Amino acid sequence: MKISQTFSQNISFRLFILVIATGFITAVCAPQENVNPADLVVLNGHILTVDDHFSEAQAVAIRDGIFVAVGGNSDVEPYIGAGTRVIDADGHTIVPGLFESHNHFTSAVRRELRTGRPFQQLGSIAEIQKYLREQTEQTPEGEWILLPRVDVTRIAEGRIPNSAELDEAAPNHPAVFNWQYADRQIQILNSAALEAAGITANTPVPEGGSIPIGDDGHPTGRLENSGELVNRFLQRETFTEEEYRDGLVRMMNNYHKVGITSIHDAGTNDSDYRTLYSMKENGRLSARVTLTMRMRGLDGTVQGTEEAIRGFNLEYGEGDDRLKVGPLKFRLDGGILYGTAFMREPFGDRALEFYGLDDAEYRGTPFYTPEEVENIIATGHRMGWQMSSHVTGDAGVDRILDAIEAVNARFDEPVQRYKVIHGYFAHEDTAERVARLGAGIDTQPAWYYLDGDALLEPLGEDRVARFMGLQTWLDGGAKVTINSDHMQGFDPNTSLNPYNPFLTMYVAVARRTTGGQVIGPENRVSRENALRMMTIDAAWFDYDENKRGSIEVGKLGDLAILTDNLMSVDEEAIKDILSIVTIVDGDIVYECEDNRLTMQ
Ligand SMILES: [Zn+2]
């Protein structure tokens with residue numbers, strides 16, 4: 001008995017060894033059934049594939065930049081070959097590479113280089129003064145200091161600083177606070193700046209501008225649309241082409257730290273395309289980039305629009321999966337932080353002081369008539385371009401949708417996937433119309449987070465409840481992508497505007513302002529939908545939903561392994577999630593410093 005038992009144990013043991021050996025050989029040397037080994041395999045993940053069923057998976061394999069297997073560990077292990085890099089995700093959540101579907105990647109870097117000082121989001125007049133004091137210590141006396149842009153909604157006191165407050169912090173340096181958007185500019189000069197620029201009560205007022213005079217008979221320090229009097233003193237630092245390209249690389253690396261793999265620069269031209277194209281050729285473009293061509297100075301005619309488009313010397317869709325030309329863009333109205341959005345209802349009494357307006361019936365000013373909007377959209381459409389517009393107010397969105405309908409009546413092919421950029425006030429009727437016209441909304445939850453509290457008093461609760469009304473858009477069937485409109489700075493949370501995608505998703509889900517208020521709780525969306533808006537639905541706007549935005553076989557191999565479980569982490573902690581490893585095209589483009597994952 002003893003002998004046979006030993007014998008049988010021995011056989012089992014040998015079989016066991018054989019299985020192990022076979023498995024090992026199969027995995028390392030010769031993939032089963034003609035499976036070519038992958039370049040990269042990730043095992044033991046909690047993968048949110050963001051496919052149609054929002055399926056979860058455990059492992060993926062990427063070969064030549066494409067997902068070739070998605071499933072359980074056992075489905076993917078056969079793709080491990082001698083040269084395959086294997087990451088053990090140790091149960092961490094993995095998402096498709098995130099989209100920053102509307103930012104100002106190129107100009108954010110240029111602005112930062114030009115100011116020569118890292119951007120800081122200043123939140124109160126005390127902080128503005130503190131910043132100014134620090135700058136006076138580092139700046140030779142007499143040299144001008146330009147404060148970083150701060151929108152009034154982001155200043156605790158709900159107003160911009162006055163000249164005396166700048167004097168307190170900078171008695172001997174000319175200092176300027178600049179608050180500018182589109183066609184409205186307000187500058188606050190301290191006494192030293194007024195003196196250095198030679199501005200007195202007798203200075204001729206530039207056309208369309210104003211230089212208010214105080215009770216003492218002297219200028220108050222406030223200039224409206226009179227920038228020409230001081231701009232020449234605000235000459236900024238220059239930078240070299242090399243510094244610019246290094247800055248773009250640094251910016252992309254910072255995007256990768258928070259899981260971003262695709263970016264859509266919403267305000268570029270042919271020169272930006274050439275710069276990025278040459279970086280791509282040199283292997284320095286680690287993110288996928290789509291460019292929106294901004295048409296400047298349009299006169300609203302067919303001919304003027306044609307000329308603007310031809311001036312780019314590019315075709316819609318030109319490029320490849322790394323860099324491509326996206327839609328055209330024009331601006332229909334101003335902004336809601338400036339009281340210049342084109343609204344259905346007047347801004348009203350409560351908004352007068354806040355925005356510095358003098359007419360309670362004011363509804364903002366559209367830059368183009370209905371006929372001009374139709375001219376612009378029809379021309380771009382006829383010339384084969386996807387179209388988009390900056391349009392913040394609800395009446396502005398109506399005007400765009402009216403024009404799309406008018407254009408559709410004239411052409412066999414309807415306008416498709418029109419990008420309604422900002423579209424800040426969601427109404428049920430607009431949502432249905434956007435869906436019916438196959439258009440979509442490109443909007444920025446972090447603005448609700450930062451500006452919602454300040455806008456509540458001037459705009460009223462009903463309007464703020466509709467501000468970034470994400471669920472209203474979804475209920476109407478409209479496609480939505482959420483993003484940051486990042487404009488300056490390198491930091492994900494303190495830039496203008498914060499581009500941390502987990503902050504964006506947190507606000508979409510929790511709809512809590514910085515002050516802790518939930519205004520319009522009916523507009524909260526699920527975590528699943530928030531993630532869709534930053535992945536697959538963002539890809540839709542680039543006509544790339546069959547290529548990117550989800551982890552499915554055949555799609556581009558972009559993903560991020562996260563520090564926390566996006567689906568179950570405490571709601572407040574969503575905004576603190578980071579990427580451990582970010583992958584573009586199967587290449588690791590970012591790995592956090594204290595990465596403890598096993599990577600072979
Ligand atoms: Zn923008």
Side-chain angles (χ1 to χ4, degrees), residues 98-112 114 119 121 148-151 153-154 179-185 248 251 255 260 262-269 272-273 276 287 289-298 325-338 340-342 364 366-367 386-393 396-397 400 417-425 439-451 467-468 480-490 492 495-501 503-504 507-508 533-534 538 541-542:
L98 299 174
F99 283 61
E100 165 61 325
S101 58
H102 174 156
N103 69 5
H104 296 277
F105 166 50
T106 51
S107 60
V109 171
R110 286 198 298 268
R111 280 200 188 113
E112 191 75 348
R114 253 187 242 130
F119 179 82
Q121 179 75 61
R149 169 172 157 179
V150 196
D151 293 319
T153 47
R154 297 178 191 181
W179 189 41
Q180 180 174 15
Y181 189 77
D183 59 348
R184 185 160 193 235
Q185 182 186 41
L248 293 170
M251 192 73 255
Y255 288 148
I260 294 167
S262 284
I263 55 189
H264 190 129
D265 191 320
T268 62
N269 56 32
D272 295 314
Y273 181 78
L276 296 172
V289 185
T290 309
L291 299 179
T292 285
M293 296 290 133
R294 173 154 51 194
M295 299 186 286
R296 289 181 185 276
L298 286 183
V325 176
L328 297 171
K329 175 181 177 183
F330 69 100
R331 183 165 53 207
L332 184 85
D333 66 357
I336 197 61
L337 308 190
Y338 318 88
T340 50
F342 180 36
F367 298 146
Q386 182 190 7
M387 300 292 290
S388 69
S389 42
H390 164 114
V391 52
T392 58
V397 176
I400 293 290
R417 302 192 187 190
Y418 196 100
K419 260 184 129 171
V420 175
I421 298 172
H422 305 306
Y424 282 150
F425 301 93
I441 303 290
D442 159 346
T443 200
Q444 296 77 35
W447 293 42
Y448 165 90
Y449 177 65
L450 295 172
D451 308 313
F467 184 48
M468 312 295 165
V480 181
T481 183
I482 51 176
N483 47 55
S484 73
D485 204 358
H486 171 219
M487 293 175 189
Q488 189 178 343
F490 283 105
S495 281
L496 175 78
N497 302 287
Y499 62 80
N500 171 5
L503 173 66
T504 299
V507 181
M533 292 175 190
M534 298 209 83
F541 284 86
D542 283 0

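One is the number of the first residue; the rest follow in order along the sequence. Atoms within each ligand, like the ligands themselves, are counted from 1 in listed order. Just so it is clear, the model here is predicted, and its values are computed rather than measured.
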Are the side chain of Lys419 and the backbone N or O of Asp442 linked by a donor-acceptor pair below 3.5 Å? no
Measure distances from the Zn ion (ligand 1) and count the protein N, O or S atoms below 2.8 Å. 3
For Phe425, check ring-ring contact (aromatic ring centres under 6.0 Å, His included) against everything at least two apart and list the hits. Phe467
List in chain and number order the residues that pass salt bridge (Lys or Arg N to Asp or Glu O under 4.0 Å) with Arg111, two or more places apart in sequence or in another chain; answer none if no residue qualifies. none
My understanding is that only residues two or more places apart in sequence, or in another chain, count here; which of them pass side-chain contact (heavy atoms from CB on, under 4.5 Å) with Ala108? His486
With ring-ring contact (aromatic ring centres under 6.0 Å, His included) as the test, pick out the partner of Tyr255 among Phe490, Phe99, Tyr499. Tyr499
Evaluate the ring planes of His390 and His422, with Trp represented by its six-membered ring, and classify them as parallel (under 30°), tilted (30 to 60°) or perpendicular (over 60°). perpendicular
